Protein chains: 2
Amino acid sequence: MAAATHKLIAHAGLDAATMAAVAREAGFSVGLVQHYFASKDELLLFAYKQMTEHQLTRVARKVAEGEAARQPIRAILLDCMPELWPLDEARRGEYRVAKAFHARALDVPTVAEVARETATVVRGQIARAVENGKECGEVEVQTDAERAALELSALIAGLADELYSEPVGGQGARALIKAAEAILEDRLGSYFPGECHHHDR
Amino acid sequence: MAAATHKLIAHAGLDAATMAAVAREAGFSVGLVQHYFASKDELLLFAYKQMTEHQLTRVARKVAEGEAARQPIRAILLDCMPELWPLDEARRGEYRVAKAFHARALDVPTVAEVARETATVVRGQIARAVENGKECGEVEVQTDAERAALELSALIAGLADELYSEPVGGQGARALIKAAEAILEDRLGSYFPGECHHHDR
DNA sequence: GGAATAACCATACGAGCATATGGCTTCCTC
DNA sequence: GAGGAAGCCATATGCTCGTATGGTTATTCC
């Protein structure tokens, strides 16, 4: 049911996600949707929460993989961040849903709460990565981790917007993606200039 | 009339900007609004266009002032960019309106066109500033101006999001603004490391 | 000065929506 | 096997919205 909601919003915006449309898309009746969700707001909020959870889970898995492979933190971050970019149709859909809810967050406090929370989590994880980088020698010790996390998370979000405007698959899109990746790499390089000095045991 | 629309959207979101509400807010009848705008879409698009025009005009004035005062390009950019940040109630309102339309742009091509165009203008102006910086010695000649503009515009947009989440006026807000300004200053510093070598005549 | 054009209004209409209501079935559980 | 909860549905209700309609009052221009 949340999947149907996601699909509708991704395809035609929040306004298209009516109770009737969700029910039809999910193959149920309107009444059943009401049976599980007391109101439309509840349904939307649930769908939104679930999507952000999925995103964060994917990122967490990538982090775990990177750590298992003993990759430097810089490389792990470089691998994770484009997970939030609209690089294929699935992630373009997520981007659209996220944007729709960001607008809704301006007026609906419960949505704003979720948006704020996920943003805080992302920034916190980046900040922790920078702190870890200090310990293992990738990051200079005087670096302000919070400030770095602020810049990096802002940059990711901003680049996502720029990337979305170019339709996927074209040559212009490929060039843009290259540019965005290069920017991210550069910026990560400026915050993580060193080599990890930990040795495999 | 566009002002009334702006006010409503800024205060309560796109959904609150109904024909009746706009008419009431502007002190006219619904019929008169219809007389000037063939459809609601037309009204919304006009209001959006006008707002972006206002923003770009303000920026252009700041640029002109900075050039008249022979300020270095880096300083002019540092002065202009926060113009798009939600630093006071007026600009918070503009931010909300812009966000609402960005979401709408996902589904309405005419809105997407305007959003895309203004984004292109902003990026183009930054790129031109970088090119100018090369000529006067502030920027290293091998710098990729398009890439720099991409990063800077993404950074501004991303930082705007981060800034908005903190309510204005608090101490947390002031700290965040400081941090955002510091980041922007740093980044401008990395793209504009030199001094202008032009002399006053 | 008269006709056409523009400014301006109240109200009607019809569609779409969220939600409420009252039901029917299935499946546990005591 | 009675009964009650949970799964499931069709339809009614009432509201809000964009737009259509048919006007009246100014203004302008020949």
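Below, each value reflects all heavy atoms present in this structure, side chains not excepted, and no hydrogens, waters or symmetry copies. Bear in mind the structure is a predicted one, so any value in this text is a computation, not a measurement. Each chain gets a letter, A, B and so on, in the order the sequences are listed, and its residues count up from 1.
The two residues A:Tyr191 and B:Arg187 make their nearest non-hydrogen contact at OH-NH2, 3.9 Å. When all heavy atoms are compared, the tightest approach of B:Ser153 to A:Glu162 is OG-OE2, 2.9 Å. Heavy-atom minimum distance, A:Arg92 versus A:Glu166: NH1-O, 3.5 Å.
Taking every side-chain heavy atom of A:Phe28 into account, D:dC9 is the closest of C:dC8, D:dG18, D:dC9. Which of C:dC9, C:dT19, D:dC9 sits closest to the side chain of A:Ser29 comes down to D:dC9.
Straight-line distance from the CG atom of A:Asp15 to the C1' atom of C:dA18: 14 Å, rounded to whole Å.
Separating the CD atom in B:Gln171 from the CG atom in B:Leu176 is a distance of 12.0 Å, to the nearest 0.5 Å.
Salt bridge status for B:Lys62 with B:Glu65: absent, with no side-chain N to carboxylate O gap under 4.0 Å. Ionic pairing of B:Lys99 and B:Asp161 is present here: one or more N-O contacts between side-chain nitrogen and carboxylate oxygen are shorter than 4.0 angstrom.
Along DNA chain C, the nucleotide closest to A:Ala17 and the one closest to B:Val30 are compared, and the more 5′ of them pairs with B:Val30.
Proximity of residues 31-44 of chain A to DNA chain D (heavy atom under 4.0 angstrom from any strand atom) is restricted to A:Gly31, A:Leu32, A:His35, A:Tyr36.
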